[in-house]
Amino acid sequence: MPSDAIRAALISRLRVSSGISEDDVKEIEALPISVRQFPAETPVVRDGERATDCCLIVDGFCVRSKTISSGKRQILSIHIPGEIPDLMSLFLHVMDHDLTTLTPCTLGFINHETLRKLHHRRVTLAEMFWRDTLIDAAMFREWIVNVGQRPAPARLAHVMIELRERLRLIDRVDGSSFEMPLTQEQIGEALGITAVHANRVIKQLRQDGIVEFHRGRVTVLDEPKLLELADFDGRYLHQSPTL
DNA sequence: GCATTAACGAAAT
DNA sequence: ATTTCGTTAATGC
């Protein structure tokens, strides 16, 4: 895979959400990144491990999750190409959750030391990574509200719209449909409901003519209804650079 | 392995 | 009283 393709999604994200300068684009293009392939459903970094690199998703989908002693797993966030889900490990070295692939993934590892040097060399890039982790925190706040307060159909609708709005930044939305490669079991783990109930919720959205969900792909049939159901206000994603 | 549905009961609204 | 949800179990893919 050519070097520019490895960085393309990251750069296009930073371009639209942070207004990156051309000098900083060159810095990222020059970053040493070691690329590895991962199969689906494979841990990248585990809870309790000490991380030495940050992981850029070049291609594929990942999730962050925590598993409690009973064995139940809570999915905390879904991650897409161009994101660095474990950026915080640069300062919080011991992982406090798992990072796992959902689909087969191409992952790029950036050494902590080189990333730290980059921070010192380019303050504007450091600020962009700051901003990125703050948005990450904002997304967690929204996720808590979603799982803690919304009824199950709204939870699903909200996760779907958020994922779509993030996929849009990297040009991965195809008209009214986009990828959401989770099984119903995993949707349950993300929403805090059982797989059986996840199935009922999906069925209801289908019957109400709001979305179709089939083999990891969402097709929106009724956008206004979906927005209303999800109670979605995308401000927390902070997708345009500072007003 | 994954999706779907029924049946039942408990809990929430 | 009705809706939402978990559990169990069965069925089909």
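Chain letters run A, B, ... following the sequence lines, proteins first, then strands; residues in each count from 1.
- If A/A195 and A/R200 are placed on DNA chain B by their nearest nucleotide, the residue sitting closer to the 5' end is A/A195.
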Checklist line | Residue pair A/R155, A/D231: steps toward the salt bridge (Lys or Arg N to Asp or Glu O under 4.0 Å) verdict | finding: CA-CA 9 Å; A/R155 290 182 213 176; A/D231 188 31; over 6 Å; no
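- C/dT4 atom P lies 15 Å from atom CG of A/L191, rounded to whole Å.
- Side-chain polar atoms of A/S17 and A/Q239 form no donor-acceptor pair below 3.5 angstrom.
- Remark: C1' of C/dT4 and CZ of A/R155 are 10 Å apart, rounded to the nearest angstrom.
- Whole-Å rounding puts the A/R150 CZ to B/dA12 P distance at 21 Å.
- Between A/R206 and B/dT4, a side-chain N or O to OP1/OP2 separation shorter than 4.0 Å is present.
- Comparing B/dC2, C/dC5, B/dT5 by their closest approach to the side chain of A/T183 singles out B/dC2.
- What separates CZ of A/R217 from C1' of B/dA3 is a distance of 19 Å, to the nearest Å.
- With hydrogens and angles left out, the side-chain atoms of A/S77 and A/H79 include a donor and acceptor closer than 3.5 Å.
- The NE2 atom of A/H197 sits 19 Å away from the C1' atom of C/dA9 (whole-angstrom rounding).
- When the nucleotides C/dT4, B/dT5, C/dT7 are ranked by their closest atom to the side chain of A/K203, B/dT5 comes out on top.
- The separation between A/Q184 atom CD and B/dG1 atom P is 15 Å, rounded to whole Å.
- Within 4.0 Å (heavy atoms only), A/G188 reaches no atom of the nucleic acid at all.
- Within the nucleic acid shown, A/A152 comes within 4.0 Å of sugar-phosphate atoms alone, with no base atom in reach, counting heavy atoms only.
- For A/P153, the listed nucleotide lying nearest its side chain is C/dC5; candidates were C/dC5, B/dT4, C/dG6.
- Residue A/R168 qualifies as enclosed at atom CZ: its count of foreign heavy atoms under 6.0 Å is above 12.
- As rounded to whole Å, 10 Å separates atom C1' of C/dT4 from atom CD of A/Q204.
- Heavy atoms of A/T194 sit under 4.0 angstrom from at least one base atom.
- Nucleic acid contact for A/I193: sugar-phosphate only, since backbone atoms but no base atoms lie under 4.0 Å from a heavy atom of the residue.
- If you take CD1 of A/I187 and P of C/dC5, they are 15 Å apart, rounded to a whole angstrom.
- Within a 6.0 Å sphere centred on CD of A/E41, other residues, nucleotides and ligands contribute more than 12 heavy atoms.
- Note on A/N199: every side-chain N or O is 4.0 Å or more away from OP1 and OP2 of B/dA3.
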